[in-house]
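Read through the structure below, which is laid out as structure tokens, and then see the notes.
Since the structure is predicted, the reported quantities are computational estimates derived from the model, not experimental observations.
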Amino acid sequence: MPLFAPNPSDDPSPALAAAIREACDHCVACGLCLPHCPTYGDSLNENESPRGRISLLRAVADGTLPVTPALTAHIDHCLGCLACEKVCPSRVPYGALLKNGRAWLTQKSPRTWRRLWYRSLIRAVDLPGAMATAYALARALGSLPWPRTARAGLRDVVRGLPARPHGARADPGDAGPADVALFRGCTADLDRPTLHAAIRVLHAVGRRVCVPRSQGCCGALAAHAGFADIACRQRRRNRHAFADSAPALVSITSGCAAELRHTGPESDDRFPAVYDIHRYLVEQTDLDRLALSPLPRTIAVHDPCSLRNALAGERFVYDLLARIPQAKVIALPGNEVCCGAAGDYFLREPARAQTLAHAKAAAARAVGADIVVSANIGCALHLSAALARQGAPIPVCHPLWVVAGQLPPLE
């Protein structure tokens with residue numbers, strides 16, 4: 001199911017309604033998705049289940065149900081983890097349906113100051129240093145005394161944010177023709193060491209890397225918020241930035257890889273094939289070229305929903321980490337359930353997000369993990385904050401950071 005790409009000169013309502021109805025027609029309401037939905041498991045409310053949300057979206061697209069704050073809340077409560085899509089026997093394209101449904105609801109809902117403010121924030125993510133500045137402000141807020149009337153969940157979120165890893169400016173890449181283009185998106189400033197680690201590992205397996213400067217946000221934040229026009233502009237920007245750049249495009253963030261692959265211009269031969277970087281390394285390179293030193297540690301792997309459900313590529317993280325001698329690589333118990341980060345969900349619904357993350361942190365402690373790794377930066381920050389709240393000094397990092405740390409020192 002294609003994502004809706006609005007034309008500013010057209011009324012998007014008929015096209016969106018048709019796309020929503022087409023996707024909803026796949027659902028036979030069998031209920032096999034219910035045991036896999038975190039929000040339904042938490043509430044046992046059918047409106048908080050995948051088939052319930054499908055019914056709601058079908059009704060508003062048909063015009064038989066008005067758009068109300070209560071209805072919109074049920075759709076907004078969805079994590080978008082796609083656990084339901086993975087198990088659906090009818091192959092309902094729930095991820096695309098959710099994005100198109102949110103675009104419809106955004107279009108039909110009143111323009112509140114809160115919505116306009118949030119839209120402005122999402123438009124700003126492509127500004128240089130915007131994400132790093134926002135993170136620094138959140139950290140500063142977390143250090144200040146909060147009034148008793150403040151939302152406890154949001155207060156705990158900003159207080160629990162870990163320190164942002166710092167690093168030198170990102171390597172611009174190699175001169176001349178590249179074998180692979182690296183997607184840094186809007187989140188690289190939050191974790192530059194991982195960007196450096198990715199480039200170093202790619203160099204170690206003999207790949208020439210380019211990192212186009214004109215790239216920007218993948219569009220996931222805007223699409224999940226229902227701002228289809230912003231998401232479309234961001235996709236076009238990346239389409240232009242990576243055109244003819246390299247045969248393959250890899251992302252160090254699984255959520256970005258899923259968005260780039262799902263919404264990529266399949267008909268445009270100039271756009272490279274999109275990979276999660278772990279899959280690219282395992283399938284497209286010679287990993288025997290990596291001379292890794294031993295690491296006698298227990299590494300618990302958190303599977304981001306974007307990698308597990310959208311890309312179906314979680315096993316490649318384990319394959320890569322298994323190359324490290326003496327490392328004990330295990331799956332974090334409960335990987336089939338979302339950690340609660342879910343893009344900006346941990347900010348919009350902090351109470352539920354923290355409940356989900358608490359279970360993950362407890363599981364990491366129970367298995368005796370020395371390190372927790374996650375291939376998605378949002379998940380990593382969310383899990384790190386949860387571990388900090390439990391007083392557990394377990395670092396959370398990207399798998400490539402661990403791999404790069406075991407390479408021979410640079411001369």
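Within the structure, the salt bridge (Lys or Arg N to Asp or Glu O under 4.0 Å) test picks out the following pairs touching residues 297-308 (sequence neighbours left out): D303-R308.
Counting only distance, with no hydrogens or angles, the side chain of T253 and the backbone of G255 share no donor-acceptor pair below 3.5 Å. Side-chain atoms of N238 come within 3.5 Å of backbone N or O of C217 as a donor-acceptor pair. A donor-acceptor pair under 3.5 Å is absent between the side-chain atoms of S245 and the main chain of A241, judged by distance alone.
Salt bridge absent: D76 and R53 never bring a charged side-chain N and a carboxylate O closer than 4.0 Å. Between D288 and R323, at least one side-chain N (NZ, or NE/NH1/NH2) sits under 4.0 Å from a carboxylate O, which counts as a salt bridge. The residues K86 and E336 are annotated as not salt-bridged, no charged nitrogen and carboxylate oxygen being separated by less than 4.0 angstrom.
Between V180 and L249 there is no side-chain heavy-atom pair separated by less than 4.5 Å. The shortest distance between side-chain heavy atoms of C81 and H36 does not fall below 4.5 Å. No side-chain heavy atom of L332 sits under 4.5 Å from any side-chain heavy atom of V301. A heavy-atom distance below 4.5 Å is not found between the side chains of V205 and D286. No side-chain heavy atom of D179 sits less than 4.5 Å from a side-chain heavy atom of V209. Side-chain contact between D370 and I299 is absent, with no heavy-atom pair separated by less than 4.5 Å. With contacts defined as side-chain heavy-atom distances shorter than 4.5 Å, the pair E46/L34 qualifies. At a threshold of 4.5 Å between non-hydrogen side-chain atoms, the residues L320 and L400 count as touching.
Using a 3.5 Å distance cut-off with no hydrogens or angles, the side chains of Y280 and R207 do pair a donor with an acceptor. Between the side chains of E48 and H74, at least one donor N or O lies within less than 3.5 Å of an accepting N or O. The closest side-chain donor-acceptor pair between R365 and Q390 falls under 3.5 angstrom.
Within the cation-pi definition used here (under 6.0 Å to the ring centroid, within 45° of the axis), R119 qualifies as a partner of F227.
Side-chain rings of H278 and H398 approach one another, their centers coming within less than 6.0 Å.
When the shell of 6.0 Å around NZ of K328 is examined, it contains 12 or fewer heavy atoms from other residues, nucleotides or ligands.
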Next item on the list: Please test R315 against D319 for salt bridge (Lys or Arg N to Asp or Glu O under 4.0 Å), starting from the C-alpha separation and ending with a verdict.
Entry: CA-CA 6 Å; R315 74 172 180 88; D319 292 346; 2.9 Å; yes

